[in-house]
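Nothing here was measured: the structure is a model prediction, and the numbers come from that model.
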Amino acid sequence: MLTNNYYNDFFELGQQKINFSFFELSLPDDDPVYTLKKVMEELDFSGLLANCSDKGRTGYNPIMMYAVVTYANMRGIRSVDRIVDLCERDLAFIWLTRGQKPKRDAFYDFKNRKLTSDILDDLNYQFMRRLQKEGLVTLKELFIDGTKIEANANRYTFVWRGSINYHLAGLLDSIDQLFEKYNSFLQENDYGTKYELGNAQMFVIEGMDKVREVIEKNRKRKLVKHKKLSNNRIIEIDNCSPLEIRKLQNNLTMIADNEGIEFVYGKGKRKPALQQLHEELEQCGKRLMEYKECFEIMGKDRNSYSKTDLEATFMRMKEDHMLNGQLKPAYNVQIAVENYFIVHGYVSSDRTDYNTLIPVLEKHKNAFGSILEEVTADSGYCSEKNLLYLKQNEISSYIKLQDHEKRKTRAYSEDISKYYNMRTGIFEDEQFYICHDGRELRHLRTESKEQDGYTQTFEVYGCADCSGCEHKARCLYKYDAEKDAEKNKVMKINEQWEELKERSHANIQSERGILKRQTRSIQTEGHFGDIKENENFRRFNYRSADKVYKEFMLYAIGRNINKYHRFFSLNHKVIFDYLFKSSYMPV
């Protein structure tokens, strides 16, 4: 039977440390830290070193700090406190730091000030060029996809454009009443004539009558408990200047000084009417400034933001724990992948993917030149602007259309109201369409539409006379026999957009396109599944788009080096197995 002395005899009495000189400690030969060292030996760190000052106290070597941070991300560790702990306890980290023990302040200073986004991109692109030389990537094709990752912001700190618009309408109504009250005050006390102050008017705002109408409707809605009216973009605040309110306050201050009216404060003191009007204007001016600041932070492309991370937008996440469609502050993270390597990363505050494709392709063009030949993405990137960009840059589009599944249905091919199910003809070098009833739809005019800084052109075709047609119910949109008896068929066609869609659809329907769609789903979705499910990367640790981008790119570079390590190890294993087996083959 074992006694307590069996355990106690293992340690010396009062022993505090182990003398490691008695032991032979070494890392495994296949540890990824050796692959990291091999990669870093060929990188040019001049950009990083140029961003570090040589004055004052000498800090930690920035190349060593980058190696430590990258290796931590290779092991799925993003927390600075955890990295500091491993630098003291983990053998691989001790080997990288050569026994140095950098603290959290050193890491924060390195990641926030010395390691910029441009430097990080440059180091990643150097690694991509190495992979290109070794034949692991070609940089001529990209598979692109995006996901939403929650921001490091409180969930209930939202600011909504619609809510601001609604309260802004009420505020402007109150300001308008204050202008009337100001004019009445001057008129009653004869201050306007005495001090040569004209009749003040509410600053001109387009749609002021509509604002008052919305206010009245919402007041009635509260009484009858109807659903809240839509109030997005009721009014633009750009033309509303708080300086107009400040002028009225200055006038009141001047009157008070000349008339000997003193402003009083505290309990039990009655404020004069002039002071009350001055304070009401002050309060409204402050509120107007707050709303202007909210609109400036939000910009014109977003409808929400978080107070704790101003660049995070509230988005509908797939991880909805309460199953109630809750919106959370998040960033839209894009990756461009080839052969399982993340070539590019891009972080956006946009909820959709429409506006993220071109910035990613521009990054590729600036980094590697115009060598890109093929782009594969899902239907979230299908827009006229994106497909036109690909055509102008001679890049083959393998982007699935939004109506890809609908095109397979019988209803799509038998819809007689659509132009693509009509016959065409040419008369005097001008194309026209022939409807299901055999009537001609001639070209009427050309229209243009501005959307997101991009001009869309539409060709309008119409039938001169649809009377007596038996197919009106199927041909005209929302046809009403009583109201639309004299209505004729008119359709708008964006011919450039339709041509681009047909070209992209033909590409994805080919054998190469089918293979590319399958590859995209494996490579990009595989990354996101691994990131979110296996490594539990569902929330950022930093705030602001720049810091979030650096956090994600460090993580992506760590994944790339891990992938390179696996390729490298696999090739060595295949060669070893081949030589081992061939040496024992019977003659």
Side-chain angles (χ1 to χ4, degrees), residues 161 205-207 210 230 232-239 295 298-303 348 350-362 375 377 379-395 397 399-404 406-407 412 415-435 439-466 475-479 484 487-507:
R161 182 184 296 275
I205 301 172
E206 296 180 3
K210 181 180 178 182
S230 175
N232 281 340
R233 294 181 176 86
I234 292 175
I235 191 169
E236 292 293 339
I237 197 174
D238 296 339
N239 298 326
F295 280 118
M298 194 176 304
K300 295 183 178 180
D301 299 327
R302 295 195 293 167
N303 289 328
S348 171
D350 201 327
R351 295 174 299 168
T352 64
D353 295 331
Y354 293 115
N355 300 320
T356 61
L357 179 67
I358 294 178
V360 172
L361 300 184
E362 283 294 317
V375 169
S379 59
Y381 300 85
C382 184
S383 69
E384 181 181 357
K385 185 177 180 181
N386 291 340
L387 295 186
L388 183 61
Y389 176 89
L390 295 176
K391 179 183 177 182
Q392 292 173 345
N393 288 272
E394 299 180 351
I395 302 173
S397 169
I399 299 178
K400 188 166 69 171
L401 306 186
Q402 294 173 342
D403 58 352
H404 177 77
K406 187 178 179 181
R407 287 174 177 246
Y412 181 88
D415 189 351
I416 64 173
S417 66
K418 304 300 182 183
Y419 80 94
Y420 44 76
N421 289 326
M422 298 181 183
R423 293 179 290 121
T424 59
I426 298 177
F427 178 75
E428 295 182 354
D429 297 331
E430 189 175 81
Q431 180 178 275
F432 63 89
Y433 290 89
I434 303 174
C435 71
R439 310 190 188 202
E440 296 180 356
L441 282 78
R442 299 281 184 173
H443 183 266
L444 301 178
R445 60 187 179 276
T446 301
E447 296 181 357
S448 60
K449 177 183 177 183
E450 188 77 19
Q451 185 176 7
D452 298 331
Y454 175 74
T455 303
Q456 294 179 314
T457 303
F458 297 89
E459 304 298 334
V460 183
Y461 294 84
C463 181
D465 184 17
C466 289
C475 188
L476 297 183
Y477 180 68
K478 292 185 178 180
Y479 176 72
D484 303 330
K487 189 176 181 181
N488 296 324
K489 174 71 174 179
V490 177
M491 60 184 184
K492 296 181 181 180
I493 304 174
N494 187 341
E495 294 182 348
Q496 177 179 253
W497 173 221
E498 299 299 331
E499 178 189 354
L500 294 170
K501 286 199 297 184
E502 292 304 321
R503 178 181 298 183
S504 184
H505 185 66
N507 287 343

Legend entry - Between CZ on residue R442 and CZ on residue F427, distance to nearest 0.5 Å: 5.5 Å

Inset, instruction - Report yes if some heavy atom in the side chain of F295 is under 4.5 Å from a heavy atom in the side chain of R161; otherwise report no. - result: yes

Inset, instruction - Could you check if a side-chain atom of L357 sits within less than 4.5 angstrom of a side-chain atom of V375, using non-hydrogen atoms only? - result: yes

Inset, instruction - State plainly whether the residues E502 and R407 are in salt-bridge range, i.e. N to O under 4.0 Å. - result: yes

Inset, instruction - Measure the shortest side-chain to side-chain distance between S417 and M491 over non-hydrogen atoms and say whether it is less than 4.5 angstrom. - result: no

Inset, instruction - Please step through side-chain contact (heavy atoms from CB on, under 4.5 Å) for the pair K391 and Q496, ending with a clear verdict. - result: CA-CA 11 Å; K391 179 183 177 182; Q496 177 179 253; over 6 Å; no

Legend entry - Separation between SG of C463 and CG of L476, rounded to the nearest 0.5 Å: 9.5 Å

Legend entry - Interatomic spacing from OH in Y381 to OG1 in T352 - rounded to 0.5 Å: 10.0 Å

Inset, instruction - Give a yes or no on this: more than 12 heavy atoms of other residues, nucleotides or ligands lie within 6.0 Å of atom CD of E430. - result: yes

Legend entry - Shortest non-hydrogen separation from N507 to S397 and the atoms involved: ND2-O, 2.9 Å

Legend entry - H505 side chain near H404 side chain, heavy-atom distance below 4.5 Å: yes

Legend entry - OG1-CD distance between T457 and E495, expressed to the nearest 0.5 angstrom: 10.0 Å

Inset, instruction - Kindly say whether C466 contributes a backbone atom to a donor-acceptor pair with the side chain of N488 at under 3.5 angstrom? - result: yes

Inset, instruction - Check D353 against G380 and note the closest heavy-atom contact, atom names and distance. - result: CB-O, 3.6 Å

Legend entry - Working for side-chain contact (heavy atoms from CB on, under 4.5 Å), residues L361 and N386: CA-CA 10 Å; L361 300 184; N386 291 340; over 6 Å; no

Inset, instruction - Begin from the C-alpha positions of L387 and I399 and carry the test side-chain contact (heavy atoms from CB on, under 4.5 Å) through to its verdict. - result: CA-CA 9 Å; L387 295 186; I399 299 178; 3.9 Å; yes

Inset, instruction - Find the distance between NZ (K418) and SG (C475) and round it off to the nearest 0.5 Å. - result: 10.0 Å

Inset, instruction - May I ask you to decide if the ring planes of Y419 and Y433 are parallel, tilted or perpendicular, using 30° and 60° as cut-offs? - result: perpendicular

Legend entry - Salt-bridge criterion met for R445 and E447 (N-O under 4.0 Å): yes

Inset, instruction - Mind checking the CZ-CD1 spacing from F432 to I426? Nearest 0.5 Å is all I need. - result: 8.5 Å

Legend entry - L500 vs L388 side-chain heavy atoms within contact, under 4.5 Å: yes

Legend entry - Closest contact, heavy atoms only, C382 versus Y354: O-CE2, 3.4 Å

Inset, instruction - Show the numbers, then the answer: is there a side-chain contact (heavy atoms from CB on, under 4.5 Å) between I434 and M422? - result: CA-CA 6 Å; I434 303 174; M422 298 181 183; 5.9 Å; no

